[in-house]
There are 2 protein chains.
Amino acid sequence: MPLNETARKAERERVARHVLDLVKERGSEIPWTMAMAESGLTRARFEALFADYDDLFDAVAQSWLAPHMAAMEEVLSSNLPPQRKMFEFFRRRFVISKERFREDPAYFTTICEMGAANLERVRSYVDLADHYLCELIAEAQAEGFFAGLEIDEALSLINQMVSNYTLPDAIIYIGDKLTEQKLARIVDTMFIGLSGEAGADASGVNTLKVAS
Amino acid sequence: MPLNETARKAERERVARHVLDLVKERGSEIPWTMAMAESGLTRARFEALFADYDDLFDAVAQSWLAPHMAAMEEVLSSNLPPQRKMFEFFRRRFVISKERFREDPAYFTTICEMGAANLERVRSYVDLADHYLCELIAEAQAEGFFAGLEIDEALSLINQMVSNYTLPDAIIYIGDKLTEQKLARIVDTMFIGLSGEAGADASGVNTLKVAS
């Protein structure tokens, strides 16, 4: 009997969580056949749940990233001032990752390696985070921040300036240098300083004139 | 006959450059015995030049990073305004790395992997770059920028905000998103926005009061 959509989703989630447990236990990515064998399901049932390994990986990534997604959505729907909203947008995910790393560094590192090895499969998560950040930028621009910048320009610059707080690798390598207080300073620095004017002093286009 | 200091230095540099050529040719780190065999020197002469593999690695790193060192020192001794000075401090090294990556991505990637695998051995370079950056921060603070921040705080925040332009890995992974214009905007954003005040709006310590 085919599963209805709700039962199918719950079953995918159950298997995905089990795969995450196996990753934790074995310290490595779990191949398709092992995931199937360990699922307790028949091959037919397993293949009805997951079209292929990529589809299984998607379910696993979705399960791992569910707290991040929930955090972003909660912040997006809040009514905080733009600076605090953007801070929380980054802070909550940073805290989740930092806590996960602290609890089990080896497991966290394995998961990061899986993500790095399957970058295309986590692309949709990155795209969604970018989409949400664009909303925050548009809201901030409506209040006069980031003036004179296209949303895409602001998006790229902001992503670059906070990348240590969004890339899990940074937590692994320089985690002790990353703090919520510093993130708050970086976010405020962007709100105060980032605009279409920024860049002229540094690159000298306004300060150096060639005598004519 | 033992070499005098100048000849010894020149000979170390010659061997180090040859090792870099071998890395480029073979696409991997060069072991001690291979470096010795390929050096054209007797074992005794080679061991008089390099105490051990770490010492050889130091010479190779020094050779690879010589253009970066020269760029930093040139900027330090210049009389540019603080924003332009800091921009150039990061820009020149970024341009060197970007150009090297463009010329030979595989070679550049191998060198980065060697650096990552021998982090402790490139530590002194990172420390020196930090030392120079502290000088730039102190000069900027003398002109009123980064007010209310300890030099070490400013150092950490600035390093975090520009890390995509200093970490070679970033050039490999998101090189097409890194531009001199964006770097200029980031530097100006820091000069305009970064101070001891920054962080209060984002973290909400000033805007949210608990009713008492």
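In the text below, chain A, chain B and the rest are named by the order of the sequence lines, each starting its count at 1.
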- Where does L183(A) contact chain B at under 4.5 Å (heavy atoms): side chain, backbone, both or neither?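 For L183(A), neither part sits under 4.5 Å from chain B.
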Determine the minimum heavy-atom distance between [X] and [Y], stating which atoms define it.
| X | Y | result |
| --- | --- | --- |
| A200(A) | D188(B) | N-OD2, 3.2 Å |
| A202(B) | A184(A) | CB-O, 3.5 Å |
| S163(A) | N164(B) | OG-ND2, 3.0 Å |

- Message: Using side chain to side chain contact (heavy atoms under 4.5 Å, CB included), reason through N159(A) and K177(B) one step at a time and then give a plain yes or no.
- Response: CA-CA 11 Å; N159(A) 273 334; K177(B) 294 190 178 176; over 6 Å; no
- Task: Give a yes or no on whether Q62(B) atom CD has more than 12 heavy-atom contacts from other residues, nucleotides or ligands under 6.0 Å away.
- Result: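 Counting neighbours around CD of Q62(B), 12 or fewer heavy atoms of other residues, nucleotides or ligands fall under 6.0 Å, so no.
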- Item | Greater than 12 external heavy atoms within 6.0 Å of E150(A)'s CD |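 No, the 6.0 Å shell around CD holds no more than 12 heavy atoms from other groups.
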- Is it the case that K182(A) and S156(B) place a side-chain donor and acceptor less than 3.5 Å from each other?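 Yes.
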Under 4.5 Å heavy-atom distance to chain A, tell me which part of [X] shows up: side chain, backbone, both or neither.
| X | value |
| --- | --- |
| E153(B) | side chain |
| L119(B) | neither |
| Y173(B) | neither |

- Item | Distance (rounded to the nearest 0.5 Å) between F191(A) CZ and T189(B) OG1 |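 Rounded to the nearest 0.5 Å, the CZ-OG1 separation comes out at 12.5 Å.
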- To the nearest 0.5 angstrom, please state how far the CD1 atom of I174(B) sits from the CG atom of L167(A).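 CG of L167(A) is found 8.0 Å from CD1 of I174(B).
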- Task: List the steps and the verdict of side chain to side chain contact (heavy atoms under 4.5 Å, CB included) for I186(A) and L157(B).
- Result: CA-CA 7 Å; I186(A) 292 172; L157(B) 289 160; 3.8 Å; yes
- Task: Please assess D201(A) against R84(B) for the test side chain to side chain contact (heavy atoms under 4.5 Å, CB included), listing each intermediate value before the final yes or no.
- Result: CA-CA 7 Å; D201(A) 284 342; R84(B) 294 208 57 211; 6.0 Å; no
- Item | Note, I192(A) side chain near E197(B) side chain (heavy atom, < 4.5 Å) |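 No, side chains not in contact.
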- Item | Most contacts with chain B, counted as non-hydrogen pairs under 4.5 angstrom, among M190(A), M86(A), K85(A), M161(A) |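 The option with the most such pairs is M161(A).
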- R185(B) side chain vs L194(A) backbone, donor-acceptor pair below 3.5 Å: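 No.
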